[in-house]
Amino acid sequence: MEKERKQSILKFIKINAAIILYLVMFLLVLVYSDPEIQPFVYVRF
Amino acid sequence: MNWRIRPISIWAVVIIVDLLIACVSVELWVRLFVPVKNVQYIFDNKLGVRFAPNQRAYGYVEEGYSNILLTNRLGMHDVERNLEKSVNSYRVQVYGDSMTSGIGVKIEETIPSYLEKFMNEYNRLERIEVMNMASGDDGTPSQLLGYEEIGRRFSPDLVVCFFMDDFADNIIETHIRDYSPHYDIDDGGELRLIPPKPKDVSIVWEQFKKKSFLYRQLANKLIESKKYRDLLDLYDNLFSPYGDSKLGLDSFAEYRKDVCLKKALPVTLNLIRRFRDVVEKDGVRFVVMDGYKFRDEYVGTVFLNNDFEQFCRANSIAYIPVYKKKLELDENSPKYYLKDSHPNSAGNREIARFAGDQLVKFLPTSSAAVLKHTEETESDILWKKNGSNPY
């Protein structure tokens with residue numbers, strides 16, 4: 001029972017780590033992508 | 001709770017937590033390793049949105065090149081200027097848009113800085129000081145109000161309006177940004193100010209936008225991309241309230257052209273005259289530098305740069321056709337421009353050299369002898385040192 005519990009927690013952690021890794025990779029691809037810049041664009045926040 | 005809904009809601013929470021962890025991790029990465037265009041703005045009740053004063057942030061980033069924006073206490077990309085002019089100095093102020101503010105280049109590489117450098121190469125009695133008065137990237141209304149609210153307190157001798165085909169930026173219908181000031185013409189034919197709409201920057205979302213570098217990086221890329229521009233054009237054409245309200249106009253582009261000719265053109269010409277009146281009332285010289293070939297999308301099919309020159313002559317406004325130099329530079333675009341089409345340091349230098357050669361002719365000759373570009377002679381150096389005029 002204890003072993004099963006440990007394995008399910010480990011599985012849960014692995015799945016979450018994979019999700020986080022994919023999300024981080026996705027965000028980094030967006031961060032480092034170089035879009036074709038349109039002229040005279042003004043970004044104001 | 002339903003046995004099916006429970007696991008779904010648990011996984012939703014888990015994924016949101018994962019997303020937060022990923023975002024925080026990438027936020028840290030971006031802060032440590034990625035230059036992010038991060039210009040800070042403030043809201044002024046009269047002048048609208050302007051560069052925050054005393055900031056140090058990336059003003060421009062493209063692949064392989066970036067520049068730090070430094071603003072003085074006035075919020076200009078310029079060195080600090082004293083309220084009082086120093087003795088023997090002639091103060092020029094340049095009002096303009098993003099081309100004048102030059103946040104893509106260092107302070108010493110902006111058009112006003114190069115103007116100062118080149119104009120001081122003429123051997124004049126007084127030192128010429130050129131202030132960069134462009135904060136943000138708006139049109140003539142912000143420039144006029146900027147002079148009234150800030151510039152005149154610095155006692156300029158000459159004011160330059162660097163006009164960049166600003167017709168569409170001068171009216172709310174085409175400029176859209178309601179947090180900037182605009183003008184229209186009332187029933188009596190007089191200019192009427194439309195003050196900027198207050199912008200509450202204290203709310204949580206605004207604070208988040210201001211502080212998250214990851215958000216800024218992603219938003220910069222989205223807003224700067226041509227695909228986003230295409231989407232906006234599509235939106236304008238499909239859902240713009242103007243398209244349907246104007247008979248015979250099939251697209252937002254047609255509407256924009258129509259409203260530019262009918263409204264922006266008279267508003268702009270009136271604004272230029274108002275700017276001249278306000279400046280000259282203070283005993284200051286007013287000069288227009290015309291920096292951009294008028295585009296067909298706005299008024300270029302009907303009103304050309306030559307017409308603007310004639311307008312300036314008819315209204316006794318000194319006029320410099322800087323756009324002619326810019327057209328020359330356009331032929332060798334990669335050498336003189338950044339990727340976003342603003343001039344780089346070399347482009348600014350060429351434009352300022354051309355403008356400075358013209359502008360120096362409008363400086364008074366009574367107080368100083370204007371000489372051609374010459375190296376200082378020994379007598380010049382002695383004269384400056386001893387204070388005696390050799391002429």
More than 12 heavy atoms of other groups within 6.0 Å of [X] [atom1]:
X	atom1	answer
A:Phe26	CZ	no
B:Arg295	CZ	yes
B:Lys197	NZ	no

Legend entry - Best-contacting candidate, A:Val31, A:Val24, A:Leu23, A:Ile19, against chain B by heavy atom pairs under 4.5 angstrom: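 Top option by heavy-atom pairs under 4.5 Å: A:Val31.
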From [X] [atom1] over to [Y] [atom2], what is the distance, rounded to the nearest 0.5 angstrom?
X	Y	atom1	atom2	answer
A:Asp34	B:Glu62	CG	CD	8.5 Å
A:Tyr22	B:Asp18	OH	CG	14.0 Å
B:Leu214	A:Leu28	CG	CG	9.0 Å

So for [X], is it side chain, backbone, both, or neither that comes closer than 4.5 Å to the heavy atoms of chain A?
X	result
B:Val34	side chain
B:Trp205	neither
B:Leu19	both

Inset, instruction - Flag the one option from B:Lys339, B:Lys227, B:Lys221, B:Glu63 with the top tally of heavy-atom pairs under 4.5 Å to chain A. - result: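 The option with the most such pairs is B:Lys221.
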Legend entry - Nearest non-hydrogen partners of B:Ala22 and A:Ile20, listed with the distance: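 Scanning both residues, the minimum pair turns out to be CB-O, 4.1 Å.
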Inset, instruction - Measure A:Ile15 against the heavy atoms of chain B and call it side chain, backbone, both or neither at under 4.5 Å. - result: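 Contact with chain B is through the side chain of A:Ile15 alone.
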